[in-house]
Each structure stands twice: as C-alpha cells, then as structure tokens.
> 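Right, I'll just put the structure down here and ask away after.
In each ligand, atom 1 is the first atom listed, and ligand 1 is the first ligand listed. The first residue of the sequence shown is numbered 1, and numbering continues consecutively from there.
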Amino acid sequence: MSAKFGPAGTSDSFAKMGYKGSLGMPEYIVKMGLDAFEYQCGRGVNIGEDKARQFGVLAAEKGIALSLHAPYYISLAAAEEAKLDNSINYILQSARAADWMGATRVVVHPGGKGKMEREVAVNLAISTFARAIKAMDEEGLGHITLCPETMGKINQLGDLDEIMRFCAVDERVIPCIDFGHLNARTRGGLTTREDFRKIFDTLQNSIGTERMKKYHAHFSKIEYSEGGEVKHLTFDDTVFGPNYDYLMDITYKLGCSPTIICESAGTQAEDALQMKTYYKSLETK
Ligand SMILES: [Zn+2]
C-alpha cells in the first residue's frame, strides 16, 4: 500500500503540452509521473454519462485513482428546506457522475452557517449529510465514499473536530483533510511536526486506525488573513505554508495509503509530483 498523488483539475501545463479536454487527462497524468486525479464539478455536475464512462475507461487503464469534487454551492445547513433538498440532489448528481467514471470518492464542502449558531448549523448539516447518504444507498450508490472536507474560512463549517462528527454518521465516510485550509483557518497553525502529528492523533481517536490510513487530502499553500483562507498559492510560496515534509514523513511512518490531491494555483500537477518525489525518497531510505 502506498500513497497516490495527483492534481485537482487542470494545471497550466496541460494545455501547454498540447493536451485538450478531459479525455486527454489520463495520458497527461501518467506523463507527469502521477497516479491520481480529482475531477472538478465545483461549478456544477456537467459531464454526461457517455463522456464520463469513456474518461473512466482511460483512467482505469492507466491505474489512476479518481475522485470527484462536488459543487461548491452545496449548503448542508441552509435555512430553507428547498436548499437542503437541492444540496442532497447535488451530492446525488456528483455520486452518479463518480459512479460512471469509476471515481470512488466524492469530496463535499459542508457550506456556511448563515445566521445560525454554529452548533445548530453543525447539527443541521450533519443531519442533511446523513440524508444524502441514505438517498445514495436507496439509489444503489452506497459504494461511493463521501469525503467531507476541512474548510479554510473560519465562518465555514468544517474545522477538524466538526469533520470528525460528519465521519461519525457512517463508517464508510472518509475525511478530506485539506491541510492548507487547516493552516489558513488557524492562521499558520501547521508549522511543526507535532502540529501535523496532532491531526493524526485526532483521526485515530475519532475514526480509528483503518479509516485514518485511507484518508483523503488536499494540499496546497494558501494565503490567509483574519478570517482564514484568502487564496491558493503555489509551492514557490515561502510565507504562508504549510510545508509538506512532515505530512509525508508521518504518512509514511504510519503506513497510510491516502490519496493526496494538490490544489496549487496552476502548478498543481508539478507540485503533486514534488510531494510524490519526496514521499518516494522515504521509501528508499
Ligand atoms: Zn474543496
């Protein structure tokens, strides 16, 4: 078992290297030395079944682990009932598209808290999340893993403890730990090895060793201010962080087999490869 690495969506180099469209992506991923890809449906699930299946075949041939990012406008704690129903529908649409392409994981943002007290919003979001899982089961999509993501802005639901509560809804749920987001919402809280270690302690205590080992991750350096996340940077940044070396070390030492998706701004494939290269160097030490 080993870690898999890949980009979120399309790096700038994809077009520069002459690739076009999602069907060109699997070859590009291999060419870049990577083995994972997160298909972006942040602005809506717009891929049709035929295209998704073609894409899935090409990715499977190349052994690429696929995940899919659900729409950003999902709001699991919306004040209006209709918006909650819509959010469940967006998760279902995402799960269907994931199933067509053979993606095993769907990453979901919990959304904001609106004018609610945080605890009220979290409880509502968790119950909507549970309804989404039930709807997926009823449609025969129970094999698709939902991955609730830790979020970068303090006002958004999804600090680490909240995401652990989402994971408690169903033992199939795997957390998407966005380390850049956690660093941003704690304004630089991920600096030392101990800072990273604590996240894994929380995972182990909350969801157990087996689920912890299969964690899903987003990793990028992210600019932050008072409210948390401002914007995604590249690995060239030396100001905001976080750095990936402790995460790679801990992942390797604990024998984890995560999927680690890089969300750098434009260089996500190159930066994913940087992490993978470092990780592989640990295996040969
Ligand atoms: Zn995300």
> Quick check: does His181 put an N/O/S atom under 2.8 Å from the Zn ion (ligand 1)?
no
> Same cluster or not: Phe129 versus Ile207, using hydrophobic residues (I, L, V, M, F, W, Y) connected whenever any side-chain heavy atoms lie under 4.5 Å apart?
yes
> Restricting to N, O or S, what is the name of the atom of His69 that lies nearest the Zn ion (ligand 1)?
NE2
> Hey, could you give me the CD1/CD1 distance between Ile133 and Ile88, rounded to the nearest 0.5 Å?
10.5 Å
> How wide is the angle at the Zn ion (ligand 1) between NE2 of His109 and OE2 of Glu149, to the nearest 10°?
100°
> Mind checking side chain to side chain donor-acceptor pair (under 3.5 Å) for Tyr39 and listing every partner two or more places apart, or none if nothing turns up?
none
> Pair up each side-chain donor or acceptor in residues 19-34 with any protein partner under 3.5 Å, not counting sequence neighbours, and list the distances.
from	atom 1	to	atom 2	distance (Å)
Tyr19	OH	Glu27	OE2	3.2
Tyr28	OH	Ser13	OG	2.6

